[in-house]
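Each remark here refers to the structure printed beneath this line.
These values consider heavy atoms only, across backbone and side chains, with no hydrogens, waters or symmetry-generated copies.
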Amino acid sequence: MRRLTYYVGTTLDGFVAGPDGKSDFLPVEGDLAAARLAEYPETAPTHGRGAQNPTVGRRFDTVLMDRAGYESGLAADGTSPYPHLTQYLFLSDTPDTPDTPDNRDNRETPDPDSLDPAVELVPGDPVAFIRALKARDGAGIWLRGGADLAGQLMEEIDELVVERHPLATGSGIPLFRAPFRPTAFALTDSRVFSSGVTLTTYTKENRMQIRPTTEADLDLVTAVTVDEPVGWIEADRYLEELKEGMYRPEWTWIAEQDGRVLARALWWGHATGEHPLALDCLYVDPSVEDRAALGAELVRAGLRAFTEQGATKLPLYNLTLPQSWREDPAAVAATDWRRDAALAAGLTDVVERLRLEWTPEAGLPASSGRLTFTEGTDEEFLDVFRRIAVGSLDGETRRNVALMGAEAAAQEEVDFYLGCPGERSWWRIARTPEGEVAGLALPSATPYNRNVGYLGVVPEMRGRGYVDDVLAEITRVQAEAGAELITATTDTDNAPMAAAFARAGYRVAQTRLIWSAPETAPAS
């Protein structure tokens, strides 16, 4: 990886320029000037080079500038301050840049027609751009400034070289302009010159960074493989669903140290969703001494960010395991540290669910013919959902009813299934020959295959075997639509539903452990 160096002069109180953006009160003279030209010759603009050979001491081949840095490096009639380097000019307008006369000129977009063709104007996110730039072949990258650009790139700076001049100004443009976030550097060199200027070099401490990814991190993300007997997301699936918006760089978090991914968390959501719904894959490298602690830190960071971005319901963590995972020591070990990480991150509600599968070889389940299945209005479906929720053995339904009441719990179920890939036209209400509502048959789908979706029997009709008829209807609808695989899930504690699936020819394929954050009832 190429190194990003922020080489800059400052006052004793940390200002790189005055309020007007000028830094001519920080002279570079005598032995300091000689040292800079000898060791950092590329930092001298064309008009300040004289006979200096730009290839001597080739430390940098690229410079990053904001508007003020670009203009201060120009000669009176010049358009390219550093033609011996690859030059990138960034806009400094950020939410943290106050719109004042001191920096308003620097917030204006330079006219591309006024730039030298050798100077490339870079719009958009500078962090993603720099990460991609650092991954390319080449020499070092010099950050010329200014404060906004340096603030945005603080975590990407590998080396900080500061000429500290023996004067104070009281105000001006700071070394960094950014939100408060302590970033540690280690002192590696310090010299004092005859003028009293100290030249101090710091390098980024080799510590871990926990952060969301950008498009520049794609190779790092997809290079991770999980060598444990748990479900995980392979590169091909990640890339495919990344294109559809179900995985996103900002929903993908990593713990990185020295260019190496030590942990990775992949959150998933609907392609049209604003926030993720579930953590699909949590990985911590086996070399990490306390995998649960790092996993918890990574998950906490992601959940905190989603909350700050407006998510009102935190995504759950879904871990897929083999059916007999408790009999496999490797699967138990892989589950244990993930469970500890989830709990430590605040996902303390846990439920174990069975993933079931039906294939045509099992044959269509028999129907008694006692029920008919009809279409219904949204209001009718909402009412049946509400009635089924009362006394349900499904763990999530029971929690939602206790938390928000049957009406709100039913509405949440309706909204969820309306957001799934299945069609609303598939939904049916089950009725007795007398026209009484017996339950609900809701075939649905995921991005991968058709599934049972939702089924239930209203309380007054339970115990009559109607659940078998409802499940048989859903299976028939999906099979006649050409489904070669129908999936379903149910809690391990919901023994009657598990038995109904077994009678219908569904086999248990996997076990899922689901951790979620406990919710509190809304204030009345």
Side-chain angles (χ1 to χ4, degrees), residues 1 127 131 154-156 158 181-186 204-214 216-235 238 247-268 276-309 311 314-321 325 329-350 512-518:
M1 296 285 288
V127 175
R131 287 178 182 166
M154 186 183 296
E155 294 183 355
E156 299 302 318
D158 302 294
R181 59 175 190 274
T183 303
F185 290 84
K204 183 70 64 66
E205 287 189 347
N206 186 26
R207 64 174 187 165
M208 193 175 343
Q209 293 186 47
I210 292 180
R211 60 177 177 83
T213 63
T214 68
D217 298 309
L218 188 58
D219 289 343
L220 284 176
V221 172
T222 55
V224 173
T225 58
V226 179
D227 187 20
E228 294 173 286
V230 299
W232 64 287
I233 308 303
E234 297 182 357
Y238 178 82
Y247 291 114
R248 302 178 193 175
E250 63 271 24
W251 294 353
T252 300
W253 283 65
I254 58 174
E256 179 188 18
Q257 187 169 23
D258 197 23
R260 178 185 173 208
V261 174
L262 294 181
R264 184 190 72 171
L266 307 181
W267 275 276
W268 178 96
L277 299 176
L279 173 59
D280 261 1
C281 185
L282 177 63
Y283 163 84
V284 177
D285 191 274
S287 66
V288 175
E289 183 176 355
D290 192 337
R291 300 175 78 183
L294 180 54
E297 189 175 357
L298 183 62
V299 173
R300 275 195 300 266
L303 296 180
R304 183 167 54 247
F306 303 144
T307 300
E308 292 172 352
Q309 293 160 12
L314 291 178
L316 53 82
Y317 172 31
N318 176 52
L319 178 63
T320 301
L321 295 160
W325 67 273
V332 171
T335 302
D336 283 349
W337 74 257
R338 289 175 169 87
R339 174 203 61 219
D340 293 345
L343 296 176
L347 304 179
T348 54
D349 283 354
V350 60
R512 290 181 178 177
L513 291 177
I514 301 171
W515 291 275
S516 59

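- The side chain to side chain contact (heavy atoms under 4.5 Å, CB included) test applied to Ala330 returns Pro229, Asp328, not counting sequence neighbours.
- In this view, Trp268 and Glu241 satisfy the side chain to side chain donor-acceptor pair (under 3.5 Å) rule, not counting sequence neighbours.
- Residues forming a side chain to side chain contact (heavy atoms under 4.5 Å, CB included) with Leu266 (at least two apart in sequence, or on another chain): Val221, Ile233, Tyr238, Tyr247, Thr252, Arg264, Cys281.
- Considering every non-hydrogen atom in both Pro249 and Thr213, the closest pair reads O-OG1, 2.8 Å.
- For Asp290, the salt bridge (Lys or Arg N to Asp or Glu O under 4.0 Å) criterion is met by no residue, not counting sequence neighbours.
- Distance check, rounded to the nearest 0.5 Å: CD of Glu256 to CG of Leu220 gives 6.0 Å.
- Every residue was checked against the side chain to side chain donor-acceptor pair (under 3.5 Å) condition with Arg512, not counting sequence neighbours, and none meets it.
- For Trp515, the ring pair (Phe, Tyr, Trp, His ring centres under 6.0 Å) test picks out Tyr317, with sequence neighbours left out.
- The two residues Val299 and Ala345 make their nearest non-hydrogen contact at CG1-CB, 3.7 Å.
- Arg300 CZ to Trp253 CH2: the interatomic distance, rounded to the nearest 0.5 Å, is 12.5 Å.
- With sequence neighbours excluded, the residues that form a side chain to side chain contact (heavy atoms under 4.5 Å, CB included) with Ala341 are Leu282, Ala296.
- Not counting sequence neighbours, the partners of Asp158 by the side chain to side chain donor-acceptor pair (under 3.5 Å) test are Lys134.
- Shortest non-hydrogen contact noted between Pro518 and Thr348 is CD-OG1, 3.3 Å.
- Remark: Arg291 pairs with Glu228 by the salt bridge (Lys or Arg N to Asp or Glu O under 4.0 Å) rule, at least two apart or across chains.
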*Under the side-chain contact (heavy atoms from CB on, under 4.5 Å) rule, what do Thr225 and Trp232 come out as? Steps first, then yes or no, please.*
CA-CA 8 Å; Thr225 58; Trp232 64 287; 4.1 Å; yes
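- Thr335 meets the side chain to side chain contact (heavy atoms under 4.5 Å, CB included) test with Leu319, Leu321, Trp325, Leu513; sequence neighbours excluded.
- Here the side chains of Leu294 and Leu262 are in contact, with some heavy-atom distance below 4.5 Å.
- How far CD1 of Ile210 is from CD of Gln257: 10.5 Å, rounded to the nearest 0.5 Å.
- No side-chain heavy atom of Val230 sits less than 4.5 Å from a side-chain heavy atom of Tyr283.
- Here the side chains of Gln309 and Glu250 are not in contact, with every heavy-atom distance at 4.5 Å or above.
- To the nearest 0.5 Å, the span separating CG on Asp349 from CD1 on Ile514 amounts to 11.5 Å.
- Scored by the salt bridge (Lys or Arg N to Asp or Glu O under 4.0 Å) test, Arg260 finds Asp285 as partners (sequence neighbours excluded).
- At a threshold of 4.5 Å between non-hydrogen side-chain atoms, the residues Asp217 and Arg211 count as touching.
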*Run the side-chain contact (heavy atoms from CB on, under 4.5 Å) check on Lys204 and Thr183 step by step: do they pass?*
CA-CA 8 Å; Lys204 183 70 64 66; Thr183 303; 3.8 Å; yes
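- Here the side chains of Leu279 and Leu347 are not in contact, with every heavy-atom distance at 4.5 Å or above.
- Legend: residues meeting side chain to side chain donor-acceptor pair (under 3.5 Å) with Glu156, ordered by chain and number and at least two apart, are Arg131.
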